[in-house]
Participant: 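The structure under discussion is supplied below as structure tokens; questions concerning it will follow.
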Amino acid sequence: MRLLQYYATRYGTESVAQGDSLNINLPYYQIARSIGITYEECVRLFKKINAINSVVTYKRGGKIIINDWQQLDAIAFGAAEAFGHAARTPIADNEG
């Protein structure tokens, strides 16, 4: 989910009725290849996230709408913690 945060920062978002739509289309295949998982795992990941709450809406062709930024941040932070990584650590804090 940190990948979605990255693309939102890099390409921006547009406000729509459901939330914030990414200004770039990200098909499941592209997301899967970017994070090193299979297409099927990527589809399951999005379904699992939406089963909890409607955090992200995926529409045909890779149109992604972020419905709840706070939940997305919590998921991204939790995933990073689970793998022993510090989430949202500024680069300056890592230097030196």
Side-chain angles (χ1 to χ4, degrees):
M1 295 301 97
R2 293 180 79 191
L3 182 69
L4 297 181
Q5 293 170 326
Y6 166 78
Y7 279 115
T9 301
R10 176 145 173 116
Y11 295 101
T13 60
E14 178 181 333
S15 186
V16 294
Q18 294 175 312
D20 295 321
S21 175
L22 295 181
N23 288 337
I24 184 172
N25 289 345
L26 293 172
Y28 286 133
Y29 179 78
Q30 183 177 349
I31 295 169
R33 294 292 300 236
S34 296
I35 60 177
I37 62 175
T38 65
Y39 172 90
E40 292 80 10
E41 289 171 319
C42 187
V43 172
R44 282 191 295 256
L45 177 64
F46 272 84
K47 285 185 181 181
K48 185 175 182 179
I49 290 167
N50 284 325
I52 299 167
N53 282 328
S54 185
V55 177
V56 176
T57 300
Y58 180 93
K59 294 187 176 185
R60 188 176 193 172
K63 191 68 176 170
I64 296 177
I65 299 171
I66 311 297
N67 303 319
D68 188 339
W69 283 103
Q70 289 179 334
Q71 285 282 30
L72 183 66
D73 288 345
I75 292 167
F77 181 75
E81 259 187 358
F83 292 104
H85 300 290
R88 294 185 165 224
T89 303
I91 294 171
D93 289 350
N94 292 331
E95 293 178 356

Participant: Nearest 0.5 Å, please: how far is CG in L4 from CD1 in I75?
Facilitator: 10.0 Å
Participant: Over all heavy atoms of both residues, which pair between S54 and T57 is shortest? Give the atoms and the distance, please.
Facilitator: OG-OG1, 4.3 Å
Participant: Same cluster for V55 and I65 if Ile/Leu/Val/Met/Phe/Trp/Tyr side chains link at under 4.5 Å?
Facilitator: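 No, because V55 and I65 fall into different hydrophobic clusters, even though each may have its own neighbours under 4.5 Å.
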Participant: Out of the candidates L22, I64, L45, only one should pair with V56 under the side-chain contact (heavy atoms from CB on, under 4.5 Å) rule; please name it.
Facilitator: I64
Participant: With K63, which residues qualify under side-chain contact (heavy atoms from CB on, under 4.5 Å), at least two apart?
Facilitator: S21, N25, K59
Participant: Report the relative orientation of the aromatic rings in Y58 and Y28; use parallel for angles under 30°, tilted for 30 to 60°, perpendicular for over 60°.
Facilitator: parallel
Participant: Report yes if the side chains of Q5 and I66 come closer than 4.5 Å at any heavy-atom pair, otherwise no.
Facilitator: no
Participant: Among residues at least two apart in sequence or on other chains, which ones pass ring-ring contact (aromatic ring centres under 6.0 Å, His included) with Y11?
Facilitator: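 If we apply the ring-ring contact (aromatic ring centres under 6.0 Å, His included) test to Y11, skipping adjacent residues, the hits are Y7.
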Participant: Enumerate, atom names and distances included, each donor-acceptor pair closer than 3.5 Å involving a side-chain atom of residues 31-43, sequence neighbours excluded.
Facilitator:
| residue | atom | partner | partner atom | Å |
| --- | --- | --- | --- | --- |
| R33 | NH1 | Y29 | OH | 3.1 |
| S34 | OG | Q30 | O | 2.8 |
| T38 | OG1 | E41 | N | 3.1 |
| T38 | OG1 | E41 | OE1 | 3.2 |
| E41 | OE1 | T38 | N | 2.8 |

